[in-house]
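Contents: one structure, followed by commentary.
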Protein chains: 2
Amino acid sequence: MNDTENILETLRQRQFRITPQREMIIDALLSGEHHLSAEDVYAQVQTRTSAVNIATIYRTLDMLVEQGIASRTDLGGQVIYAPVGHGPHIHLVCRHCSFVIDADATVLAALDEQLQRDYGFAADLGHISLFGVCTGCKE
Amino acid sequence: MNDTENILETLRQRQFRITPQREMIIDALLSGEHHLSAEDVYAQVQTRTSAVNIATIYRTLDMLVEQGIASRTDLGGQVIYAPVGHGPHIHLVCRHCSFVIDADATVLAALDEQLQRDYGFAADLGHISLFGVCTGCKE
DNA sequence: CTCTTTGTTGCGACTATTTGCAATAACGAG
DNA sequence: CTCGTTATTGCAAATAGTCGCAACAAAGAG
């Protein structure tokens, strides 16, 4: 589930056109590495063909984020993109090694309810990033 | 509490030098508007004196974020800075109007505990941003 | 398969942000 | 108050990210 084909199908259903550029960018995003910068994606796509402009990378990545397919996290200067799994979840971003842990979001239910009640704020639970320090980096 | 003087005192204690540029940048950050871009801060400082370089604005803002005095939020393209109040709190960023609500972070205690237990992740509760839609924008 | 419509791309220009380095100035010592 | 040390700034050049627009190509209709 959620491999390149599935994402493309989702996009197709939402009236987006499927182009080889988009396929390659999505492929790159899904390929192993889980914290890619726009430049990283660009570099990886370049190994396949040089016929993709950096502007297209940025535009496609932004589109994927808007469609809830990818997430965008600002590590103070560095911006990383990662594919989003199914259902709401939290990204735990380690301040030291920049590793991103995908955590279950069940704990957020109570928080959501309280924000809704106290502030009238409808939080977007599908795209949450928390910063901190992971087990490995607690030196 | 937490006016320009206090922040400067904190910086002084941490061995940072107090320069007129830093004073003005902090002043600008504290002045009313709660979602300033680096350019906004620059523009506001310019009204007082033109003797401040844009690079200094960026460097100072980054320093303030590192010191936990200001926060930095990426609104997908736009980056905004805001002063950080005392104690842990949440920033509720509206996806439509970009308004930032400062919410109390007491609800996060349970979440923190669970992340610690299940993932060994020490979340930094002082700098959290959640995206969503505020009351006013629920059209 | 061909045509038409309209979303996408590439390109070049432009704006935003970062960085290296020499000149400057804050601050503690005398 | 003056001096020396060393963080900070300004400047200019480099890099990152965005935008407008004409050319191009994906998808559906015939």
Side-chain angles (χ1 to χ4, degrees), chain A residues 4-5 7-29 35-46 48-67 69-70 72-81, chain B residues 4-5 7-29 35-46 48-67 69-81 98:
Chain A
T4 306
E5 277 311 317
I7 294 177
L8 290 177
E9 184 51 39
T10 302
L11 290 179
R12 198 183 328 256
Q13 284 169 8
R14 296 182 193 172
Q15 309 291 309
F16 286 95
R17 290 183 182 173
I18 308 309
T19 66
Q21 289 89 334
R22 287 181 173 167
E23 287 184 42
M24 287 188 286
I25 291 170
I26 293 169
D27 265 356
L29 204 60
H35 46 283
L36 294 164
S37 69
E39 289 291 334
D40 291 336
V41 174
Y42 185 53
Q44 197 163 323
V45 169
Q46 286 286 335
R48 291 223 251 159
T49 172
S50 57
V52 179
N53 195 279
I54 184 74
T56 300
I57 306 281
Y58 281 109
R59 277 185 293 223
T60 302
L61 250 19
D62 283 350
M63 181 271 282
L64 292 175
V65 171
E66 260 173 38
Q67 294 303 312
I69 292 167
R72 167 189 174 117
T73 307
D74 179 4
L75 307 176
Q78 255 245 314
V79 176
I80 60 173
Y81 295 87
Chain B
T4 306
E5 277 311 317
I7 293 176
L8 290 177
E9 184 51 39
T10 301
L11 290 180
R12 198 182 328 255
Q13 284 170 6
R14 296 183 193 172
Q15 309 291 309
F16 285 95
R17 290 183 182 173
I18 308 308
T19 66
Q21 288 90 334
R22 287 181 173 168
E23 286 184 42
M24 288 188 285
I25 292 169
I26 293 170
D27 265 355
L29 205 60
H35 46 284
L36 294 164
S37 68
E39 290 291 332
D40 291 335
V41 173
Y42 184 52
Q44 197 164 322
V45 169
Q46 285 286 334
R48 291 222 252 157
T49 172
S50 57
V52 178
N53 195 279
I54 184 74
T56 300
I57 306 281
Y58 281 109
R59 276 186 292 224
T60 302
L61 250 20
D62 283 351
M63 181 272 282
L64 292 175
V65 171
E66 261 174 37
Q67 294 303 312
I69 291 167
S71 69
R72 167 192 174 114
T73 307
D74 178 4
L75 307 175
Q78 257 246 315
V79 176
I80 61 173
Y81 295 86
S98 294

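Quick note on labels: first sequence line is chain A, next is B, and so on, each numbered from 1.
Atom pair B/Ile54:CD1 and D/dA14:C1' shows a separation of 16 Å (rounding to whole Å applied). Atom CD of B/Gln13 and atom C1' of C/dA26 are 17 Å apart (whole Å). Rounded to an integer number of Å, the gap from A/Leu64 CG to C/dT8 P is 11 Å. Across the protein-nucleic acid pair, A/Ile57 atom CD1 and D/dA16 atom C1' stand 14 Å apart, rounded to whole Å. Rounded to an integer number of Å, the gap from B/Glu9 CD to C/dA26 P is 17 Å. For A/Asp74 and D/dA16, the CG to P distance is 15 Å, given to the nearest whole Å. Rounded to an integer number of Å, the gap from B/Arg14 CZ to C/dC27 P is 16 Å. When rounded to the nearest whole Å, the span between CG of B/Leu11 and P of C/dC27 equals 11 Å.
Listed by first and then second residue, the side chain to side chain donor-acceptor pair (under 3.5 Å) pairs involving residues 14-23 of chain A are A/Arg14-A/Gln67 (not counting sequence neighbours).
Listed nucleotides D/dG17, D/dG10, C/dT17 differ in distance to B/Ala38; the shortest reach to its side chain belongs to C/dT17.
Here the closest heavy-atom approach between residue A/Gln78 and residue A/Ser37 is recorded as NE2-CB, 4.0 Å. Shown here for A/Leu36 and A/Ala28, the closest heavy-atom pair between the two residues is CD1-O, 3.3 Å.
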What does the list of N/O pairs under 3.5 Å between the protein and nucleotides 13-16 of chain C look like, with a distance for each?
none

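Partners of A/Asp27 under the salt bridge (Lys or Arg N to Asp or Glu O under 4.0 Å) rule, at least two apart in sequence or in another chain, are A/Arg48. For A/Ala43, there are no side-chain contact (heavy atoms from CB on, under 4.5 Å) partners two or more places apart in sequence or in a different chain.
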(message) Dot-bracket, 5' to 3', for DNA chain D please: Watson-Crick or G-U pairs under 3.5 Å, [ ] where pairs cross earlier ones, | where the partner sits on another strand, dots elsewhere.
(response) ||||||||||||||||||||||||||||||
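Here the side chains of A/Ile69 and A/Met63 are not in contact, with every heavy-atom distance at 4.5 Å or above. Side-chain atoms of A/Ile25 and A/Val45, non-hydrogen and from C-beta on, do get closer than 4.5 Å to each other. Put simply, the side chain of B/Glu5 does not reach to within 4.5 Å of the side chain of B/Glu9, judged on heavy atoms. No side-chain heavy atom of A/Ile7 sits less than 4.5 Å from a side-chain heavy atom of A/Leu29. Side-chain contact between A/Val52 and A/Met24: present, with at least one pair of heavy atoms (C-beta onward) separated by less than 4.5 Å.
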(request) Quick one, give me the B/S/- string for nucleotides 19-30 of chain D, reading 5' to 3', where B means a protein heavy atom under 4.0 Å from the base and S means that only happens at the primed atoms, P, OP1 or OP2. (result) BB----BBS---
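Within the nucleic acid shown, B/Gln15 has no heavy atom closer than 4.0 Å to any nucleic acid atom. A/Val79 comes within contact range of no nucleotide atom at all, as no heavy-atom separation falls under 4.0 Å.
Rounded to the nearest 0.5 angstrom, B/Tyr42 OH and B/Asn53 CG are separated by 6.0 Å. The line from OG1 of B/Thr4 to CD1 of B/Ile26 is 6.5 Å long, rounded to the nearest 0.5 Å.
For D/dG10, one of the phosphate oxygens OP1 or OP2 lies less than 4.0 angstrom from a side-chain nitrogen or oxygen of B/Gln21.
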